[in-house]
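Down below is the structure, laid out as structure tokens.
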2 protein chains.
Amino acid sequence: MEGQKLKQTVKERILDTALDLFQQKGYHGVSVDEIVDVAKTSKGGFYHNFKSKDALLYEIHDIFISHVLAETKIACKTHSNPIDQLCAMLYAFTNVFDVYNRHITVFYDESAYLQPDYKANIKQKRTEYRRLIEGVIEEGKQSGHFRSEISTRITTMAIIGMVNWTYKWYWRNGELSMEQITLYFNDMILRGIVTEQGFNESFAKQYIQSKVV
Amino acid sequence: MEGQKLKQTVKERILDTALDLFQQKGYHGVSVDEIVDVAKTSKGGFYHNFKSKDALLYEIHDIFISHVLAETKIACKTHSNPIDQLCAMLYAFTNVFDVYNRHITVFYDESAYLQPDYKANIKQKRTEYRRLIEGVIEEGKQSGHFRSEISTRITTMAIIGMVNWTYKWYWRNGELSMEQITLYFNDMILRGIVTEQGFNESFAKQYIQSKVV
DNA sequence: ATATACAAACCGACTAGTCGGTCAAAAAGC
DNA sequence: GCTTTTTGACCGACTAGTCGGTTTGTATAT
């Protein structure tokens, strides 16, 4: 439906335009004048909908992290073992990725420019997200699915890094889909951390494609 | 020797100060006036040593990527098998990390603000770096050390992502050293991609700590 | 009448970059 | 060896322009 574009409110147009421009040129590479020009509105329209340019940046951050957090929690709750939970969380991120592509770039590259109180708010949600993954890793170590020698912290950051970094190189309409990429990531991550016991669980097979013996 | 600090040239002081400030507040969060103020020099001193603020940003980028590239090439050349090469390359990055910590943050967060011709220059070197890793992965697949089913591209980006992301969470003087982190990374990555044959090679044992059977 | 949703002109603060000038040290002339 | 000349590193007041944000005005809906 192309009608969606015509129905957009001014606020939606501003957000949409800002996302495009921020992703291309960075937060400080785009002026409010340029945003309102491209979004076909005015300074008045902008400041009627947003308290400040900083507030717009914050909103972009918040929309993204809040959505990731919500989806990750659902993924975690709807599965009962660490292997399923971990893979479901990665898939949740994948699904977010295609739609929130622009948000992600802004989120990771421009967060230095957030005002202190905004930044604290975002940081809290990022920490919450990290702890969700740490929790699953820790659980997996205790249940014997993941090797007990691995460091929860390093493993978590390795996974987050691997997954998040895709925003730097992934292109929609490229040769690789996020679905494919996640398939490979799940395989590689699990091989890196599961125990023999974990590997032999029936639900692990769907993620680890083959085992060369 | 603390005398090093007293011997710094104006240009070195500017670079040093800019790195500190850019890392903390981002490129556009710092004015030239602030840089020259902290670096105990002047506008004249600044523009005598740098063509523009953009040129300073470029120099920071170039110093970093050129060094990484050089070290990676050495790591690659001084080993003869893919497993040793890959791990040596990761260690090379590790060693760079402690010294070029500030460069890395600027490199990954502020590259959007590089002027087009500067950006093209940097992009070329990043591509060269990526191809070095892709080459090793590809070689490993052909030699039977790495599983042939893995995607060279995705695996390479997974590794780069995992490693690069450390700049977002690693703190010097923290509980974890870069040495330790790289040890875990090497272990996790190799487990994710080696074949049984590769695993049984004697030189693989030093990276893969243990195998739970 | 009053509130809402925008438009357009406007403002002051700030910024990157310039430019005439200083000064110490090296090079040249004697 | 001593003076003169030249060079280049560096200074800081200044400028032209840009930016985020404000204010005033206006059309519409209730």
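A note on names: the letters A, B, ... follow the listed sequences, proteins ahead of strands, and every chain is numbered from 1. Both backbone and side-chain heavy atoms feed into the values below; hydrogens, waters and symmetry mates do not. Just so it is clear, the model here is predicted, and its values are computed rather than measured.
With sequence neighbours excluded, the residues satisfying salt bridge (charged side-chain N to carboxylate O under 4.0 Å, His left out) with R153(B) are E134(B). Partners of K53(B) under the salt bridge (charged side-chain N to carboxylate O under 4.0 Å, His left out) rule, at least two apart in sequence or in another chain, do not exist in this structure. By the side-chain contact (heavy atoms from CB on, under 4.5 Å) test, A70(B) pairs with no residue at all, sequence neighbours left out. Under the rule for a salt bridge (charged side-chain N to carboxylate O under 4.0 Å, His left out), K119(B) has no partner lying at least two apart in sequence or in another chain.
Between N49(B) and dC10(D) there is a side-chain polar atom (N or O) within less than 4.0 angstrom of OP1 or OP2.
In this structure, E34(B) places its CD atom 9 Å from P of dT15(C), rounding to the nearest Å. Whole-Å rounding puts the F50(A) CZ to dC6(C) C1' distance at 14 Å. K40(B) places its NZ atom 12 Å from the P atom of dC11(D), with the value rounded to the nearest Å.
A salt bridge is defined here as a Lys NZ or Arg NE, NH1 or NH2 lying under 4.0 Å from an Asp or Glu carboxylate O, and E149(B) with K141(B) fails to meet this definition.
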Counting primed atoms plus P, OP1 and OP2 as sugar-phosphate and everything else as base, spell out the protein contacts along nucleotides 16-26 of chain D at 4.0 Å heavy-atom distance: B, S or - for each nucleotide, 5' to 3'.
---SBBB----
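Within the structure, every pair that satisfies the side-chain hydrogen bond (donor to acceptor under 3.5 Å, both in side chains) test and touches residues 90-101 of chain A, not counting sequence neighbours, is listed here: T94(A)-T182(A), D98(A)-Y170(A).
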